[in-house]
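Atoms within each ligand, like the ligands themselves, are counted from 1 in listed order.
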Amino acid sequence: LRAEFEPLIQLQEIDLQIQKIEDEKAQCPRHLEALREILQVKEEELHDLRDRLSDVRRRRTEVDDELQMETSRLGKSQQKLTAVKTNREYQALLKEIDEIKKANKTREDEIVTAMEEVETLEAEIKLKEEEVERTRTEVGAEQKRLQQIEAELNGEIASLNRDREAVAGRVRKDLLARYHFLRDKRGGIAITAVVNAVCSGCHMNIPPQLFNELLRNEKIHYCPTCQRLIYAGEEN
Ligand SMILES: [Zn+2]
């Protein structure tokens with residue numbers, strides 16, 4: 001009977017190892033995914049900064065144009081001063097000139113502010129571009145590292161699968177089918193030892209009569225609680 005159980009126990013050990021490696025493989029891309037998310041955020045931030053820069057530049061150009069136009073209007077108004085006939089006209093023109101000057105002063109201030117903003121934004125963009133570039137490099141390196149690890153793990157799985165085939169070939173067909181069924185239903189543990197009349201799979205007691213039969217080692221038995229294949233383990 002030992003000969004019937006032994007390969008199943010080995011098979012289960014191999015399957016558990018394969019499962020462990022598969023789990024490890026599934027965990028592998030997590031760091032890459034996190035890095036990609038960081039990269040995306042940084043790229044969006046860079047995009048926003050560039051948008052803001054072009055807004056400020058556009059606004060600056062508009063104010064520049066206005067300033068030019070208003071400066072030439074100011075010149076014309078100042079020329080008109082010499083030609084006015086009445087004091088009322090003269091006062092009105094002076095008021096207009098004063099208003100244009102005030103507005104132009106505001107425009108000049110706005111241009112200075114815009115220039116400062118452009119400088120700040122350009123510096124921020126440069127830093128952000130460097131960050132994006134660094135993160136891109138990290139993503140590339142992580143991708144490469146991941147491919148290597150995955151290749152190694154796939155190699156291990158392939159080797160285990162070869163062992164598995166050899167071992168599975170030594171198991172009776174119906175028993176193998178039962179094993180696969182139980183493995184999938186019982187979290188990878190299809191065959192388990194009974195120690196001190198307790199099933200190691202579900203930790204329930206085995207009825208005395210069944211336990212006695214189990215110790216005789218003549219027939220394959222199933223745990224009445226979890227249905228796993230059971231064999232008599234070493235007492236402790
Ligand atoms: Zn059980």
Discussion item. Testing the 3.5 Å rule here: is there a donor-acceptor pair between the side chains of D23 and Q19?
Written reply: yes
Worksheet entry | Connected-component partners of L94 among ILVMFWY, side-chain separation under 4.5 Å | L74, L81, V84, Y90, L93, I97, I100
Worksheet item: Are any of the side-chain nitrogens in E122 or R57 under 4.0 Å away from the carboxylate oxygens of its partner?
Response: yes
Practice prompt. Only pairs at least two apart or in different chains count here, so list each salt bridge (Lys or Arg N to Asp or Glu O under 4.0 Å) that has a residue in residues 154-165.
Written response: D15-R164
Worksheet item: the Zn ion (ligand 1): which protein N, O or S atoms are under 2.8 Å away?
Response: C199 SG, C202 SG, C223 SG, C226 SG
Discussion item. Tell me which pairs pass salt bridge (Lys or Arg N to Asp or Glu O under 4.0 Å) where either residue lies in residues 27-43, with sequence neighbours left out.
Written reply: K42-E131, E43-R136
Worksheet item: Quick one: are D98 and K102 in side-chain contact, heavy atoms under 4.5 Å?
Response: yes
